[in-house]
Amino acid sequence: MRRGGLVPAGLLACLAWPAQAHWEFTRWGMTQQQVVAASRGTTRALPPAERRPVPNARIEYRAAGEFRAGTLRLTVAFAFDARNGGLVCVSARGEAAQADALRARLERLFGAPQERGRDPASGAITLGWSRPDEIDLHISPGRPVVLLHCARGV
């Protein structure tokens, strides 16, 4: 009898679990080669001359490409930990017209943002999620939409 009560409680706990971390077709910790392979031809490894280190963060952008989902079109770049080589962040940029589609996708995947800000002078909106990952979305009228999605603790 007692056992039967545990199963429904366990199922309810699974349903309440937060959205899984990671970015789209990648998983945090993947190598550059794994990210390129998982993209199915939409991402390429950057040659050393095109790589971008991030000062004071010990990460380097080593792969870039395009992400498409429905009408959403983004240019993406993948940052890897300089110590262990694993994927830690994804940056994305899209035309201003992509802002609503990107925001809706993030809210569908991760729920409502935990942080919201608006610059009254420029009209820029900043949305932030702190779970399951660190996600910042910056929307400025008439300017490209910018996303930074990183593993927690980066």
Side-chain angles (χ1 to χ4, degrees), residues 12-32 34-36 38-46 48-154:
L12 288 175
C14 288
L15 293 174
W17 204 279
Q20 179 146 23
H22 308 298
W23 185 83
E24 298 296 339
F25 56 83
T26 65
R27 296 292 174 255
W28 303 131
M30 283 179 140
T31 65
Q32 175 183 321
Q34 289 171 323
V35 168
V36 170
S39 78
R40 295 189 173 130
T42 63
T43 298
R44 69 181 180 92
L46 297 174
E50 291 181 36
R51 293 178 180 178
R52 296 175 309 177
V54 178
N56 302 322
R58 292 187 300 217
I59 64 174
E60 181 177 52
Y61 285 92
R62 297 184 197 151
E66 185 175 276
F67 174 74
R68 293 177 176 224
T71 60
L72 186 61
R73 303 284 184 266
L74 302 171
T75 301
V76 292
F78 300 88
F80 298 84
D81 187 301
R83 293 168 292 186
N84 67 22
L87 178 66
V88 291
C89 288
V90 178
S91 296
R93 186 180 185 105
E95 297 294 323
Q98 299 288 300
D100 289 338
L102 180 55
R103 178 181 181 170
R105 185 174 185 86
L106 290 170
E107 288 182 352
R108 188 174 69 253
L109 292 171
F110 304 110
Q114 288 91 43
E115 300 169 20
R116 297 171 188 267
R118 183 179 181 94
D119 180 347
S122 68
I125 298 170
T126 302
L127 302 174
W129 288 259
S130 55
R131 60 184 184 277
D133 294 325
E134 300 290 335
I135 304 168
D136 293 309
L137 178 63
H138 189 76
I139 303 168
S140 294
R143 303 204 46 144
V145 61
V146 178
L147 169 73
L148 179 62
H149 186 154
C150 297
R152 292 191 51 79
V154 173

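Everything numeric here is computed off the predicted structure, so don't read it as measured data.
- Taken from CZ in F78 to OG1 in T26, the straight-line distance is 6.0 Å, to the nearest 0.5 Å.
- For the atom pair L147 CG and Q98 CD, the distance stands at 12.5 Å (nearest 0.5 Å).
- Scanning both residues, A45 and V36, for their nearest heavy atoms gives N-CG2, 3.7 Å.
- Each of F110, F67, W28 was evaluated against W23; a single residue qualifies, F67, per the ring-ring contact (aromatic ring centres under 6.0 Å, His included) test.
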Would you sort out whether W129 and L137 count as a side chain to side chain contact (heavy atoms under 4.5 Å, CB included), showing the intermediate values?
CA-CA 9 Å; W129 288 259; L137 178 63; 4.2 Å; yes
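- Closest heavy-atom contact between D81 and I59: CA-CG2, 4.3 Å.
- Here the shortest heavy-atom pairing between A124 and S140 reads CB-OG, 3.5 Å.
- Smallest separation of non-hydrogen atoms from D133 and R152: CA-CG, 3.7 Å.
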Candidate pair Q114 and R131, rule side chain to side chain contact (heavy atoms under 4.5 Å, CB included), full reasoning
CA-CA 8 Å; Q114 288 91 43; R131 60 184 184 277; 3.3 Å; yes
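- Expressed to the nearest 0.5 Å, how far CG of D136 lies from OG of S130 amounts to 10.0 Å.
- In terms of modelled atom types and a separation under 3.5 Å, the side chain of R73 and the main chain of G70 share a donor-acceptor contact.
- Put simply, CD on E134 and CG on L148 are 9.5 Å apart, with the number rounded to the nearest 0.5 Å.
- Residue I139 forms a side-chain contact (heavy atoms from CB on, under 4.5 Å) with just one option from V145, T126, D100, and that option is V145.
- Closest of all the heavy-atom pairs between Y61 and L46 is O-CD1, 3.9 Å.
- Residue R143 places its CZ atom among 12 or fewer non-hydrogen atoms of other residues, nucleotides or ligands, all under 6.0 Å distant.
- In plain terms, the two heavy atoms of A77 and R52 that are nearest each other are CB-NH2, 3.4 Å.
- Note that CG of L74 and CD of E66 are 8.5 Å apart. Values are rounded to the nearest 0.5 Å.
- How far CZ of R62 is from OG1 of T43: 15.5 Å, rounded to the nearest 0.5 Å.
- Each of R40, R68, R105 was evaluated against E24; a single residue qualifies, R105, per the salt bridge (Lys or Arg N to Asp or Glu O under 4.0 Å) test.
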